[in-house]
Asker: 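One structure, as structure tokens, below. Some questions next.
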There are 2 protein chains.
Amino acid sequence: MGSTRRAKSAYFSMMLSLDGQGTLVDQLVRALRAEIRKSGEGARMPPTRTLAKDLGLSRNTVIAAYAELANEGLIASHFGGGSFVSGMEKAARPEPAESDDEALVPSSSEPRLSDFARRLRSLDASPILERPELQYDFRYGLPVVGDFPFAAWSRIVARRATIGSVSVLGYGDAAGYMPLRVEIAEYLRRARGIVCSADQVVIVSGSQQALDLAARILINAGDHVALEEPTYEGAREAFAAAGARVLPVPVDRDGLQVERLPARTPRCRALYVTPSHQFPTGAVLSAPRRAALLEWARAHGSYVIEDDYDGELRYDIRPIEAIKGADVDDRVIYVGTMSKVLFPSMRLGYLVSPRPLLDSFVTAKHVCDRLTPMLLQMSLADFMSQGHFSRHLLRAKRLCAQRRTALLQATGQFLGNRVTIEGANAGIHVMMWAEDRPASDVPQMIRAAAERGVGIYPISPYFLEAPERAGFLLGYASMEEKMIGEGIERLAKVICGA
Amino acid sequence: MGSTRRAKSAYFSMMLSLDGQGTLVDQLVRALRAEIRKSGEGARMPPTRTLAKDLGLSRNTVIAAYAELANEGLIASHFGGGSFVSGMEKAARPEPAESDDEALVPSSSEPRLSDFARRLRSLDASPILERPELQYDFRYGLPVVGDFPFAAWSRIVARRATIGSVSVLGYGDAAGYMPLRVEIAEYLRRARGIVCSADQVVIVSGSQQALDLAARILINAGDHVALEEPTYEGAREAFAAAGARVLPVPVDRDGLQVERLPARTPRCRALYVTPSHQFPTGAVLSAPRRAALLEWARAHGSYVIEDDYDGELRYDIRPIEAIKGADVDDRVIYVGTMSKVLFPSMRLGYLVSPRPLLDSFVTAKHVCDRLTPMLLQMSLADFMSQGHFSRHLLRAKRLCAQRRTALLQATGQFLGNRVTIEGANAGIHVMMWAEDRPASDVPQMIRAAAERGVGIYPISPYFLEAPERAGFLLGYASMEEKMIGEGIERLAKVICGA
């Protein structure tokens, strides 16, 4: 069956001709659109992986093109994988007056899904799974384990779990538990230069929920949203699921190239940006660009979603304030998370809303899931007010700095000029580019590393247009220094021994 | 300012004439549509409360009409209250090619929101706030406090909070923690007659999230959804926010009048139903109607969302299985919650997904908020596997039965035939109808009760068409028997002393 599918896709690929106009995604969309019109309804589309290989494109280019076609209602995905040609944009919304017969058509096994669900299917959104068999796992997003004050946290949670008053156990304010919002507002003022009142702080279930809520309240299907290229996949998922047309804006060593934001059209409803430590490149947005970005947002009436996912963790460089701190026009939605400084499975994040959006965020949160669990909100408020949070942050910063140094030293020692490291002055990850190795070597390098017990992860999922060089995202927060050194030494055999 | 607004609304109301065709909501929508066309963009709509009063309609009728108009893009809501006439359906989606000038229009203080956010604004969705000043609060949704095994729960949570492995703290499966899913599948088989495998169980952050996810993956704006009339406001919010056209289907003593579901058109994408204990009437869906409902879903290719929010708590009557148990065509999305049997602020619910939707539910959960907090999932799994859950359920059932008896006895003693009680054979609430008192007396009765320290809540928010009699929803789960008796005695003075 694999070979049949392969043969069909090769046939399909032969039919496609890219016209060289605009981005590769645009070209591919046009070519596929033409081919789809010739195919009958229900014709199977080649798998993204196969088509990418056939055409010599990155898989993300193909995924982006499929997402656009799904958005247009031209294709949909089958349960269990695969996309097929669909006339659904018409079929999906029958006019009652015209569809007397359609109502009694027996249900097929293929459910009719919403546009949102069809976009989800083309997203290929799936978490990077744990690989416990790997002794040296440089997976990004793992927490800084080892120095977290579990005893204090457990004590706090246990105490909060014994309090049985109705007000603690019932439904609370959708915006969150006020003492926690006060703690966070105070922390943001002190640590991130943001002056806001506690009532502008909305507690959410992790920063992903903040992104989803922002997408839902700002974006209609078909609206434009600007994203950094490359960018965080969770943001791309949230906006693509909302039906946004994504405009990638390139990033260089000074962060987002603000001058390349659309000057007039299309009008972007929102811009998602990681100014303190660009994800994944690690660039810090320069001061002139910060000012230009805020001016662009004001002039366009766009909202800026500032994801400050690891703004607290900085090393050689002086702390840089959040752009929300300079947001005199109230156009920045600031998003923060406890996932990096505490741990992801806590599922606690927050946003600071511009005044005109506050009501929408709170109502959206209420309709989506009422409120974030009170046990966690109250426990975190205690954890912060008792000083555990700021002490842990200091310890985590010190520990991450040591681990970062270990990574940089080992890389210098074992890999020398065979790799380039970027984005090391903040956060808990770096980008590693293997010099002289093309992107097509990446799958084989990942396999070879895994055989030596080392987990490395490709950079390509964060790009719409995959880079030509072999690149990797390496997280180091959860690994001890000794393990980092050994892991890099083993990795060197993979990279240099080719 | 209040009087100016009042005068304008009275003028506006005078202009409206209802044509007597169809439901009151339909008539009002048509009348308002005509009036809006005459008004200029930006004209202020009268507040729903005022217009309802002027026209002698229930406020819910007006809210439903405004929601429909917002859905059509004819009106929008101002931050801080009030709706205004809008030409936004066109303005909201500028075609880039035609909007060269629009892009540089400076931002106004009124943000441009998504259709979703505009629908939220017209929803009037706000939680019923706690009223701690009331000594006898019959608010629905308060937990069964007093017998929850806080010591065991706290011990379990504390132990889980000290476990610091990467796999516990990192990102997990969006569908939920597998041991918890296994516990829930086993519980559903034993207690609710549902045979499903653990991988069909998706853990969500409260049943509201299950409803929101179902609305998002099944509904496009403009699709029809059938809801019981009256129904749970959280379901109406989730579907209305998704842009569904809501078809109310009446309920009688045997539950949803299945024969009144649309026979041919419009085609309903989903039906939301509470068969075990209709919310809020308390009716139990009869066996013939259950079969007819499943047959209707099969014939129409519709999904049934079965909200079994309190199916565990039954008194004089034998337990009735969930309709999911008879769902041979795999068309029922079963939704359960820990809010009633444990407590709401835990924010833990689950759904059992039909196979063809499972993938969509899990991806939607992943994109919305990644996963439900692991500390709570793991703790609940322990709480269940150690037997605390089933023991608590038995105790809670006994306690609620006693409280229910206290409520019925006190009502008989102090109110006699001045009220009718409905829906008392299950759950943790009843409906109380005050005989000989019109619905217009409700606000005054609520005030008079509050003056005597008694919290009572109107039935009208659950109806699209408000009933003519004065009706109240009384929750009793969190009140001790003595307090229930005293509360009803005080309430009798309000109801009989008029």
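Not measured: the values here are computed from a predicted model. The basis for the numbers below is simple: all heavy atoms, side chains too, and nothing from hydrogens, waters or symmetry mates. Quick note on labels: first sequence line is chain A, next is B, and so on, each numbered from 1.
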Asker: Measuring heavy-atom distances to chain A, does B/A364 have an atom under 4.5 Å in its side chain, in its backbone, in both, or in neither?
Answerer: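 For B/A364, backbone and side chain are both near chain A.
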Asker: About how many Å separate CG of B/L375 and OG of A/S379, when rounded to the nearest 0.5 Å?
Answerer: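 So the gap between those two atoms works out to 8.0 Å.
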Asker: Between the main-chain N or O of B/D115 and the side-chain N or O of A/N220, is there a donor-acceptor pair closer than 3.5 Å?
Answerer: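 Pair found, side chain donor or acceptor close to backbone of B/D115.
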Asker: Between B/A161 and A/W153, what is the shortest heavy-atom contact and its length?
Answerer: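 Answer, listing the atom of B/A161 first, then A/W153: O-CD1, 3.5 Å.
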Asker: Select one option (side chain, backbone, both, neither) describing which atoms of B/I219 are under 4.5 Å from chain A's heavy atoms.
Answerer: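 When you check distances to chain A, only backbone atoms of B/I219 fall under 4.5 Å.
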Asker: Within the side chain of B/Q208, is there an N or O that forms a donor-acceptor pair under 3.5 Å with the backbone of A/H366?
Answerer: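 No: the side chain of B/Q208 does not pair with the backbone of A/H366.
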Asker: Can you name the closest pair of heavy atoms from A/V367 and B/A238 and give their distance?
Answerer: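 Nearest pair, atom of A/V367 first, then B/A238: CG1-CA, 4.0 Å.
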Asker: Test your reading of the model: is there a side-chain donor-acceptor pair from B/R347 to the backbone of A/D369, 3.5 Å cut-off?
Answerer: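 Flag set: sc B/R347 to bb A/D369 pair under 3.5 Å.
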Asker: Answer yes or no: is there a donor N or O on one side and an acceptor on the other, between the side chain of B/R159 and the main chain of A/S154, under 3.5 Å?
Answerer: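 Pair absent, no side-chain N/O of B/R159 close to backbone of A/S154.
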Asker: Please look at B/T372 and chain A and tell me whether the side chain, the backbone, both or neither of the residue comes under 4.5 angstrom of a heavy atom of that chain.
Answerer: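 Interface part for B/T372: backbone (N, CA, C, O).
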Asker: How far apart are the closest heavy atoms of A/R216 and B/D212, and which atoms are they?
Answerer: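 Between these two residues, the closest heavy atoms are NH1-OD2, 2.9 Å.
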Asker: With a 3.5 Å distance limit and no angle check, can you tell me whether A/R370 reaches the backbone of B/G206 through a side-chain donor-acceptor pair?
Answerer: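 No, the answer is negative, given that no donor and acceptor are paired below the 3.5 Å cut-off.
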